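A note on names: the letters A, B, ... follow the listed sequences, proteins ahead of strands, and every chain is numbered from 1. Treat the numbers as computed from the prediction; the structure is a model and nothing was measured.
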Amino acid sequence: MPAYSTNMKLKFPILALSLEIITIILYGVFVVYDDVNGHSTGHNTKNQTHEENPVSLYPMFQDVHVMIFIGFGFLMTFLKRYSFSSVGINLLLAAFGLQWGLLLQNIWHLEDGKIRVSIYRMINADFSTATVLISFGAVLGKTSPVQLLVMTLLEITMFCINEHIVNEFLNASDIGASMTIHAFGAYFGLAVARMLYRPGLRNGHDNEGSVYHSDMFAMIGTVYLWMFWPSFNSAIAEPGAPQLTAIINTYFSLAACALAAYATSSLVEKKGKLDMVHIQNATLAGGVAVGTCADMSIGPFGAMLIGVIAGIISTLGFKFLSPILASHLGIQDTCGVHNLHGMPGILGGLAGIVAAALGKKAGTSPAFQAAALGSSLGFALIGGAITGFILKLPFLGQPPDQNCFDDSLYWEVPEEEEAGESLTHTDHSKNKAEV
Amino acid sequence: MPAYSTNMKLKFPILALSLEIITIILYGVFVVYDDVNGHSTGHNTKNQTHEENPVSLYPMFQDVHVMIFIGFGFLMTFLKRYSFSSVGINLLLAAFGLQWGLLLQNIWHLEDGKIRVSIYRMINADFSTATVLISFGAVLGKTSPVQLLVMTLLEITMFCINEHIVNEFLNASDIGASMTIHAFGAYFGLAVARMLYRPGLRNGHDNEGSVYHSDMFAMIGTVYLWMFWPSFNSAIAEPGAPQLTAIINTYFSLAACALAAYATSSLVEKKGKLDMVHIQNATLAGGVAVGTCADMSIGPFGAMLIGVIAGIISTLGFKFLSPILASHLGIQDTCGVHNLHGMPGILGGLAGIVAAALGKKAGTSPAFQAAALGSSLGFALIGGAITGFILKLPFLGQPPDQNCFDDSLYWEVPEEEEAGESLTHTDHSKNKAEV
Amino acid sequence: MPAYSTNMKLKFPILALSLEIITIILYGVFVVYDDVNGHSTGHNTKNQTHEENPVSLYPMFQDVHVMIFIGFGFLMTFLKRYSFSSVGINLLLAAFGLQWGLLLQNIWHLEDGKIRVSIYRMINADFSTATVLISFGAVLGKTSPVQLLVMTLLEITMFCINEHIVNEFLNASDIGASMTIHAFGAYFGLAVARMLYRPGLRNGHDNEGSVYHSDMFAMIGTVYLWMFWPSFNSAIAEPGAPQLTAIINTYFSLAACALAAYATSSLVEKKGKLDMVHIQNATLAGGVAVGTCADMSIGPFGAMLIGVIAGIISTLGFKFLSPILASHLGIQDTCGVHNLHGMPGILGGLAGIVAAALGKKAGTSPAFQAAALGSSLGFALIGGAITGFILKLPFLGQPPDQNCFDDSLYWEVPEEEEAGESLTHTDHSKNKAEV
């Protein structure tokens, strides 16, 4: 691949600014503040009307916000030389994605031709970015910022279509979005990764690993996702008992999942040691898997069972399934999103079908729950394949194999770290010296 | 000590899964959701009934949650080669502890044979884990995950018995738990450390120190504990004035404590330099010491006095007392929990006795406050000694002296960091490459 | 400069303890708890009376608290050898500053000779410390803890005078404090930096740069500031629609600003690479610039425009203006606060004037808004110059040029990091071993 193709000099700033300008124009036309009478807060209108304080959901919103920007951002910093991109590009994609997502999620039900912004809709906008950040994990280190901005634009668009079908037509229940966000984001990303398959990385890459401190930064992401997941699964639940139920189920599912993940990791590693990859990811699978039925009366007992199963499946996936996907199916999944979001997302969808069949939530039907799962997987795989095909366009600056998992292709990186010493004066520090 | 004894291959996963399965079964029998009529939220029933929104305590809960998992977890990452264990085992112990704690804290007052989970009770469950995490700090680097899971099981059990006695029989006031959590956790841990005394570490250990970045990770824990301590001390206080009082007292006690800790650290170090050990820990002593009387009308003035005294005592303890405890009493206190939780906890208990004598809170008596302090210390020392004796059982995999303070005994650790260079391909990165 | 002058042995602890003791005495005389009837919460009395729960603002307070201690503290840790001081001295200054600020902000309107502490006033106390932390960024690495404590005392005093003039006499609107906090703090710090100009650092300093991990720690600060800025700009807004508006405007301004900052950084760097200095700082300029009119009906559209302009101006400032200020005006601005707080703060003030002229908020006048901006800049420049003159007093322990940007002058620093290896036993680890 010719060097110039990875040069972002003009194509990146032009794309980013163009997207922002188009977005601002659309906001000028369509977006206004919520009138705070509460009768315009999207799907769960009826509860919101009982809500007098328009910012009562704000603490929940901030928990979700932290999961999106700190949780996802730092979880991906485990790579030894790709931490700038992990947290930095995560911020870029989410910042654009939430603007784009708010538009497309609400374009379906304008009121007087306007979209009325509320905290409730800001939470949903943040949610829409989660799908992109999950897919980002699958292609982490192997895509350019230009490719990723294009992916954000396309993925959120398709996510909003599927979400609309699941919520409005199928009227399925997926409060924690196991299907519409986690399974969708994972399989979308895996389809993109398959299209961008790199035979040259079949035997791994020197940079595709962690160092001690990069694993510690990743744990910041893990722990925040683990702590705030109850907010993710309950933020837009019906106020009152359903919201409390969603919090409690997620709290216990994650607690049980953690023990299962630690136990399984020790069981499959030589000499019973724990593997940071498992701990950083599989401990969270319980939050994904309990998502669909988080607000259903499955009981703390049921939530813990789901968590244990998710923790075991996820850890086994990292140990045994991911290598097979890479070697036999040409799916190189950098962060193992299939194990954290893919399989646990499907597990969550299946649990939702069972819960619906057992009448754990009024108004849900196993058939429509199954249709919602199918729709999410279908849109993900087809949408991801189409997106991956588009991302292969050469002028999008895909990095050559030898430059994968390396910040220095897109960032001014202080030399010390690479040279292994910390005394010389670098370009970067010069920049800072001027500043 | 034979090598095999440290091998966790089977004993750790079997223990962790067994504990989780037993817990799930007990939850299936005893635990249900709160019925959201509010008349089942534990000790402060009367206020909770005035509380219409069942998740109104949720933001407070999340602050406490962050203190438990980020605060305690990262505070202990200061050791140069033990950060994986500090934050990772902290997560494991707290995840199990909160499940176990919720059961034992509420087994005393079942309703129709059930425990009804509410946010209020989730906060208390998180609290119960704090005792274990404090004790963990005393034995950090010298115990196996198997030993620590056993300690969690035993310590939370004894904590719940003492807490029940203090709250129900003595009817003592300890809103911020200076006595029942901090003093209890510290002296329990010190008793365990005494039983596990290692003469071989009398002259320290090469790994028992920090590196620059590990001290920075520890500061993440320190700052989060410092910021959210007002939530810890006020989360379960009576809504209204008492809760506001607890927030204000803790806020000012910590602010005053910080200045005292910085001043004292500079005063006792050569050339007036600051010591990270003091800053990471002693700045928090004010939160511990003001705990018991946080919701009493001691005035911001009184809270600041308590904070200053705590900051000075704690710093002096690190500098002068800890070395003596290690050399003369055989108490090797890795994190110096005696200085952060032990002495400030007793100070808090004494302050509570004085405040009760001065009538700063209706319904409190100096005698019962003193009895509560005595009970907490007694249960801690006896319970810790018994637990320490049990933890010496050889099959629990206690690490040999030379492997102390070293993650590599229990974790797959990337080689780069130790080798001091970051270019070679390691087992760990191979694992990630496969993934 | 003689070595002894940098020795903090006695002067630092004596100053810190003296300030704390004086503060405690003043609190004993003046400060009591809010009576929780809500009719004593400062500027927005009328709304607070509608507020029944005295801790309803607490989640907002904690967001601001995190911005002050984690956000500002870690944002400044980018320097390779000055991270202890950045986060540690940030904690010290803010801890003293909030106690001092609460006194001086409320001394103007005592009730029965008392200051009644409420969450609302705790938020404002935290705000007052932000000015000092902004100025700290301008002189980072070139001042002693003693100098900085003196600066905190003087700056907060002058901030409170200006704030009183702006709020009470000019009755100007500055809900997000673009003028009274950001512009004030930036130009105050720049005036101090000018007075402390160091010709010896004209060509930069070997330590004045980052390493890979120090840039990652700084990103923790950046992301938290970015996420919680909506809380900063809305915390003390009128409950209801104005507060919701402030949240929404800040949310969108920051999102738009992020894209503009990334695009501009890539545009001005060679080969279109991103510069961490720009990403860590310029992505936040939108929060500063939208501050003054955050609660005005400028529309999401208007907020995004402000954000884009702020992101571009800030990035260009880092790249082109800061070097000129350093080389031609003798203003050495370590963190580039002029680009993050100075220019965006003025932009915010100007936007407020325009918004007032367009009648975007009832009761605001362009003239008084302009007067508020002028007053803030005037007090900042004059106050900063006076403070800088005082800080030059030799006994305040200003570090010599060669010891700038180096923690080891004020902290016990583990040797490993500097030596580049992590095996030897250091003083610091010995200290820990004793502990």
Could you tell me whether B:Lys270 and C:Glu412 make a salt bridge, using a distance below 4.0 angstrom between a side-chain N and a carboxylate O?
-> yes
With distance as the sole test, does C:Gln62 use its side chain to make a donor-acceptor pair with the main-chain N or O of B:Met227 at under 3.5 Å?
-> yes
In terms of heavy-atom pairs under 4.5 Å with chain C, which of B:Pro59, B:Ser214, B:Ser327, B:Pro230 leads?
-> B:Pro230
Interface residue of largest heavy-atom contact number with chain B, from C:Leu102, C:Val87, C:Leu26, under 4.5 Å | C:Val87
Could you walk me through whether C:Lys9 and B:Leu267 pass side-chain contact (heavy atoms from CB on, under 4.5 Å), step by step?
-> CA-CA 6 Å; C:Lys9 186 75 176 182; B:Leu267 204 57; 5.9 Å; no
Would you please test B:Tyr251 and C:His65 for ring-ring contact (aromatic ring centres under 6.0 Å, His included) and show each step?
-> CA-CA 11 Å; B:Tyr251 176 72; C:His65 219 39; 5.6 Å; yes
Ring centres of B:Phe217 and C:Phe217 under 6.0 Å apart?
-> yes
Contacting moiety of B:Phe405, where chain C heavy atoms sit under 4.5 Å = neither
Under 4.5 Å between any side-chain heavy atoms of C:Phe74 and B:Met216, yes or no?
-> yes
Do side-chain atoms of C:Tyr58 reach the backbone of B:Ser231 as a donor and acceptor pair under 3.5 angstrom?
-> yes
Going by heavy atoms in the side chains, are C:Val117 and B:Phe252 under 4.5 Å from each other?
-> yes
Ring centers of B:Tyr262, C:Phe96 separated by less than 6.0 Å | no
Is a side-chain donor or acceptor of C:Tyr33 paired with a backbone partner of B:Gly299 at a separation under 3.5 angstrom?
-> yes
Compute the centroid of each ring, for C:His213 and then for B:Tyr212, and state whether the two points are separated by less than 6.0 Å.
-> no
Measuring heavy-atom distances to chain C, does B:Thr264 have an atom under 4.5 Å in its side chain, in its backbone, in both, or in neither?
-> neither
Ignoring hydrogens and angles, tell me if any N or O in the side chain of B:Lys271 forms a donor-acceptor pair with the backbone of C:Met8 under 3.5 Å.
-> no
Residue, of B:Ser265, B:Ala256, B:Cys257, B:Ala258, that accumulates the most heavy atom pairs under 4.5 Å with chain C | B:Ala256
Pick one of side chain, backbone, both or neither for B:Leu254, based on which atoms fall under 4.5 Å of a heavy atom in chain C.
-> neither
